[in-house]
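Counting starts at 1 for both ligands and their atoms, following the listed order.
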Amino acid sequence: MTQRTDVVVVGGGQAGLAAGYHLRRQGLDFVILDAEAAPGGSWQHMWDSLHLFSPAAHSSLPGRLMPAQGGETYPGAGHVVDYLTDYEKRYDLPVQHGTRVDAVRRDADRLLVEADSGTWRARAVISATGNWSRPFLPAVPGRSTFTGRQLHTVNYRCPADFADQRVVVVGGGNSGAQIAADLALDGRVQVTWVTQRPPRFLPDDIDGRALFDVATARRRALDAGRNDTGGVASLGDIVAVPPVRAARDAGLLTAKPMFTQLTAAGVRWADGSQSDADAIVWCTGFRPALAHLAPLNLRGPRGHIPTDGTRALGEPRLHLLGYGDWTGPASATLIGVGRPARDAAREVAGLLT
Ligand code: FAD
């Protein structure tokens, strides 16, 4: 059966909920289709010890401050899930969980949204499917010959899974540093941390609060035709959250340059020497989950869809939200997604009226 609505939001993580909040304020009829069975988006799948890099009050969606988590300056992922669950309920957002969208197509003056549980004819679509479902693994020689365990950030849970093992953690970003620290501080795991370039820690007094301001300042500079400030990347790659700081200060977080290939038993280094390993954890990032938009034929370079703000350049009825700085400064963060969500909802409302 085909249902009709003004707007379909695809994805019910933080970005989809922020879109819902602002669509409601615009008085539009909408539905949020989310593949997850329960609220919380990808926060439900983060590793056990993960904590935010900003305090609760600086990790809030529009309209409702995230409450502090007792005893924690930086809330854990479970606290974020609770917050998003409450947010969804409090604003009575029409989220249909357990609904995966397979395709969005043009259908005359409407967009047809095809999901596993039905089809929607919408006047506009906001895509907010995040990156978590598209883990990226680099092409490294010998990857298929390694006989140990290989996993990506999305599959990592806790050090106990690697007790008494030799683990190589690959990646110089936040996930790599935090997982290497998590394993190293446990004491039972022999960790080798590998990065493509020397790790760049942000100054210890800078946490996620500053990142939003820096990303916004960069966007403003670019929009005004001024020089690129370099944004967050100019400060460093790794937020020195407490466990990362503790591991680094204890000398447990010293990175080695990237190995040249994987062997059956481990890794081979640039000087030809080899190290055995039981597991490789690839903390090598993500790509945007945009497969459902393929029928619209909008992909540009690097797999992104070219946008003006959040609006797809090739399809004005489509907005992209929460995927990263290319869809709004810091839009892939809790605090950062509110503004682009507001702008997207306003633009959609303008288009429909
Ligand atoms: P998601 O949370 O991934 O939600 C997308 C939703 O869309 C999911 O429920 C998914 O199931 C659904 N979906 C996907 N495809 C489809 C489809 N085809 N049909 C229907 N539904 C679909 N941000 C911060 O602000 N502070 C932090 O401290 C922080 N730490 C982070 C640590 C890590 C390790 C990572 C990876 C990210 C971190 N982030 C942090 C960044 C960011 O907040 C998260 O990535 C956030 O989850 C992105 O929200 P989202 O709604 O865009 O995507």
Original post:
Which of the atoms in ligand 1, numbered in the order shown and given with their element, are less than 4.0 Å from a heavy-atom of D34?
Top reply: 6 (C), 7 (O), 8 (C), 9 (O), 10 (C), 11 (O), 12 (C), 21 (N)

**OP:** Check each of V80, V337, T129 against atom 13 (N) of ligand 1 and report the one with the nearest heavy atom.
**Re:** T129

**OP:** Taking only heavy atoms of S175 into account, list the atoms of ligand 1 that are under 4.0 Å away from them.
**Re:** 34 (C)

Subject >> Shortest heavy-atom approach to atom 21 (N) of ligand 1 - which of A19, A35, A37, G12 >> reply: A35

Subject >> Which of the ligand 1 atoms, numbered from 1, are nearer than 4.0 Å to a heavy atom of G13 >> reply: 4 (O), 6 (C), 51 (O)

Subject >> Residue Q44 excluded, over 12 heavy atoms near CD under 6.0 Å >> reply: yes

Subject >> Residue from T2, L33, L112 passing side-chain contact (heavy atoms from CB on, under 4.5 Å) with W120 >> reply: L33

Original post:
Should you measure from each heavy atom of T99, which atoms of ligand 1 turn up under 4.0 Å away?
Top reply: 20 (C)

**OP:** Consider ligand 1: state whether an atom of it lies below 4.0 angstrom from any non-hydrogen atom of A289.
**Re:** no

Original post:
S59: heavy atom below 4.0 Å from ligand 1, yes or no?
Top reply: no

**OP:** Answer with yes or no whether Y323 contacts ligand 1, where contact means a heavy atom under 4.0 Å from a ligand atom.
**Re:** no

**OP:** Mark up the atoms of ligand 1 that fall under 4.0 Å of a heavy atom belonging to L52, in ascending order.
**Re:** 26 (N), 27 (C), 28 (O)

Original post:
Counting from 1, what ligand 1 atoms have a heavy atom of L334 closer than 4.0 Å?
Top reply: 24 (C), 25 (O)

**OP:** Would you please indicate yes or no on a ring centroid separation below 6.0 angstrom for H152 and F286?
**Re:** yes

